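The block underneath contains the structure these notes are about, expressed in structure tokens.
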Number of protein chains: 2
Amino acid sequence: MRNRNGTFGVAVKLSENSGLALWHGVLVAGLRGDLPDLTTRQQALLLHVYLSPPPHTVRGLAATLNMSKPAVTRALDRLGRLDFVRRKRDEADKRNILVQRTVKGAVFLREFAELVARTAADIPTDTAAG
Amino acid sequence: MRNRNGTFGVAVKLSENSGLALWHGVLVAGLRGDLPDLTTRQQALLLHVYLSPPPHTVRGLAATLNMSKPAVTRALDRLGRLDFVRRKRDEADKRNILVQRTVKGAVFLREFAELVARTAADIPTDTAAG
DNA sequence: AGGCTTTGTTGCGGAACCGGAACGGTACCT
DNA sequence: AGGTACCGTTCCGGTTCCGCAACAAAGCCT
């Protein structure tokens, strides 16, 4: 079965109500936990850097994430302070900044992924087939 | 099969990587769309009101969502301005205010749920069993 | 009635965020 | 070398958010 993004695989089955419940559970668990609370844009940026193929430039991120360049710069500042992401000058074109992953960022995302999976496991499927 | 929350049903199967991909996809789609961008706490509050059984008081919400009372009040102000939620004095104990759902809020949440489901459908399962 | 507790709201200072515009640094082009 | 285009950052003004503390209103209790 071919998915819309062009890859192959079995689609994740998730009914609408389950999706809401999942989102709810993860958000609440996130607020309880001591993880740093990131802005929606910061979250999106972080995930995008880790889940989309490089290279990631400021301008590119701003375009695909639909935010202004200054917003991207500031988000990188914050994520950099948290050591979740790192800036590196592009030696080929020294105007560009390449956003790179870090070990600490990978650890954080793995923990977050476990939180999502754990939350999902607690949600009963209402109409299952989605 | 009994879930941790006490209800019955088949658990949502979601591998860790799929969870991250889902979160990423929804966040990015949300930034692109014209939906009002709510704070993490505002999202959590809204979802909690709609997915958890009433009654919902300010103090109760503050406790379960782990945020200060003023933060709840202001979140209610914003969600109320958006007509996603409504305040109602508790006639039994006039100190309390009961947070109630609205039609517009329900519509918004349904659209959001569809977005989640649609995004999930595009994610190939990597190791399927979660 | 008087005092005490509880509930939600508001004031206040501080911090974070956003977008538009201006800026320095780099690349390209003639 | 000079001019132009592009990239990321910084500056600026305005908005939003947060928590703590103080507050009015309502209940409770003797």
Side-chain angles (χ1 to χ4, degrees), chain A residues 27-28 30-49 52 54-101, chain B residues 27-28 30-49 54-100:
Chain A
L27 283 180
V28 173
L31 286 180
R32 285 196 202 277
D34 53 356
L35 13 158
D37 56 334
L38 304 173
T39 304
T40 301
R41 293 158 211 262
Q42 291 168 353
Q43 284 183 51
L45 176 45
L46 180 62
L47 280 166
H48 194 75
V49 168
S52 278
H56 300 290
T57 67
V58 172
R59 181 158 189 79
L61 290 168
T64 64
L65 297 180
N66 202 35
M67 47 199 282
S68 67
K69 284 195 299 174
V72 173
T73 294
R74 281 187 290 267
L76 290 179
D77 289 345
R78 174 140 167 68
L79 293 176
R81 251 174 280 144
L82 291 169
D83 201 14
F84 286 172
V85 116
R86 185 178 33 189
R87 277 184 243 236
K88 175 142 170 46
R89 276 238 103 86
D90 181 359
E91 289 303 328
D93 184 344
K94 293 190 178 177
R95 289 175 300 184
N96 292 338
I97 282 289
L98 304 180
V99 183
Q100 299 184 325
R101 310 166 189 175
Chain B
L27 283 180
V28 173
L31 286 180
R32 288 195 201 277
D34 53 357
L35 11 160
D37 58 336
L38 305 173
T39 304
T40 301
R41 294 156 211 265
Q42 291 168 354
Q43 285 183 50
L45 176 44
L46 180 62
L47 280 165
H48 194 75
V49 168
H56 300 290
T57 67
V58 172
R59 180 155 191 81
L61 290 168
T64 64
L65 297 180
N66 202 36
M67 47 199 283
S68 68
K69 283 194 301 174
V72 173
T73 293
R74 291 172 217 286
L76 289 178
D77 288 345
R78 175 140 166 67
L79 294 175
R81 251 174 281 145
L82 291 169
D83 201 15
F84 285 172
V85 114
R86 186 179 33 187
R87 278 184 243 235
K88 175 143 168 44
R89 276 238 100 86
D90 182 357
E91 289 302 330
D93 185 342
K94 293 190 178 177
R95 289 175 301 182
N96 294 337
I97 71 108
L98 304 178
V99 182
Q100 299 184 325

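Protein chains get the first letters and strands the later ones, always in sequence-line order, with residue 1 at the start of each. Here the structure is a predicted model, which means the values were calculated and not measured.
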Point to revise | Nucleotide C/dG8, atom P - distance to CE of B/Met67 in whole Å | key: 13 Å

Practice item. Could you check how far CD1 of A/Ile97 sits from P of D/dC6, rounded to whole Å? Key: 19 Å

Exercise for review: Could you tell me the separation between the NE2 atom of A/His56 and the P atom of D/dC7, rounded to a whole number of Å?
Suggested key: 17 Å

Practice item. State, yes or no, whether a side-chain contact exists between B/Val99 and B/Leu45 at a heavy-atom distance under 4.5 Å. Key: no

**Study point:** B/Gln42 side-chain proximity, nearest of D/dC17, C/dG19, C/dG8
**Key:** D/dC17

Review point. Can you tell which of D/dT9, C/dG8, D/dA26 lies closest to the side chain of B/Asp93?
Key: D/dA26

Exercise for review: Select one nucleotide: of D/dG19, D/dT10, C/dT9, the one nearest the side-chain heavy atoms of B/Thr73.
Suggested key: C/dT9

Point to revise | Any B/Ser68 side-chain N or O less than 4.0 Å from OP1/OP2 of D/dC18 | key: no

Check your understanding: Looking for any heavy atom pair under 4.0 Å, which part of the strands does B/Arg74 touch: base, sugar-phosphate only, or nothing?
Key -> base

Review point. Rounded to whole angstroms, how far apart are CG on B/Asp37 and C1' on D/dT16?
Key: 11 Å

Point to revise | Integer-rounded Å distance: C/dT7 P and B/Leu61 CG | key: 13 Å

Practice item. Could you tell me whether the phosphate oxygens of C/dC18, OP1 or OP2, come under 4.0 Å of any side-chain nitrogen or oxygen in A/Arg41? Key: yes

Exercise for review: Find the distance A/Arg59:CZ to C/dG19:C1' and express it as a whole number of Å.
Suggested key: 15 Å

Point to revise | Spacing between A/Leu65 atom CG and C/dG19 atom C1', to the nearest angstrom | key: 16 Å

Review point. If only side-chain N and O atoms of B/Arg78 are considered, is one of them under 4.0 Å from the OP1 or OP2 phosphate oxygen of D/dC17?
Key: yes

Review point. Looking at B/Arg95 and B/Asp90, does any basic side-chain N land under 4.0 Å from a carboxylate oxygen?
Key: no

Point to revise | First encountered from the 5' end of DNA chain C, between A/Asp90 and B/Val58 | key: B/Val58

Check your understanding: Would you say the side chain of B/Arg87 lies within less than 4.5 Å of the side chain of B/Thr73, judging by non-hydrogen atoms?
Key -> yes

Practice item. Tell whether B/Arg95 reaches the base of C/dT6 with its side chain through a donor-acceptor pair below 3.5 angstrom. Key: yes

Check your understanding: Quick one: does B/Thr39's side chain have a donor or acceptor within less than 3.5 Å of a partner on B/Gln42's backbone?
Key -> no

**Study point:** Options D/dT9, C/dA27, C/dT7, nucleotide nearest the side-chain atoms of A/Lys94
**Key:** C/dA27

Check your understanding: What are the two closest heavy atoms between B/Arg32 and A/Thr64, and how far apart are they?
Key -> NH2-O, 2.9 Å

Check your understanding: Rounded to whole angstrom units, what separation is found between the CG atom of B/Leu38 and the P atom of D/dC18?
Key -> 12 Å

Practice item. Output the single nucleotide from D/dT10, C/dT9, D/dA5 whose closest atom is nearest the side chain of B/Pro70. Key: C/dT9

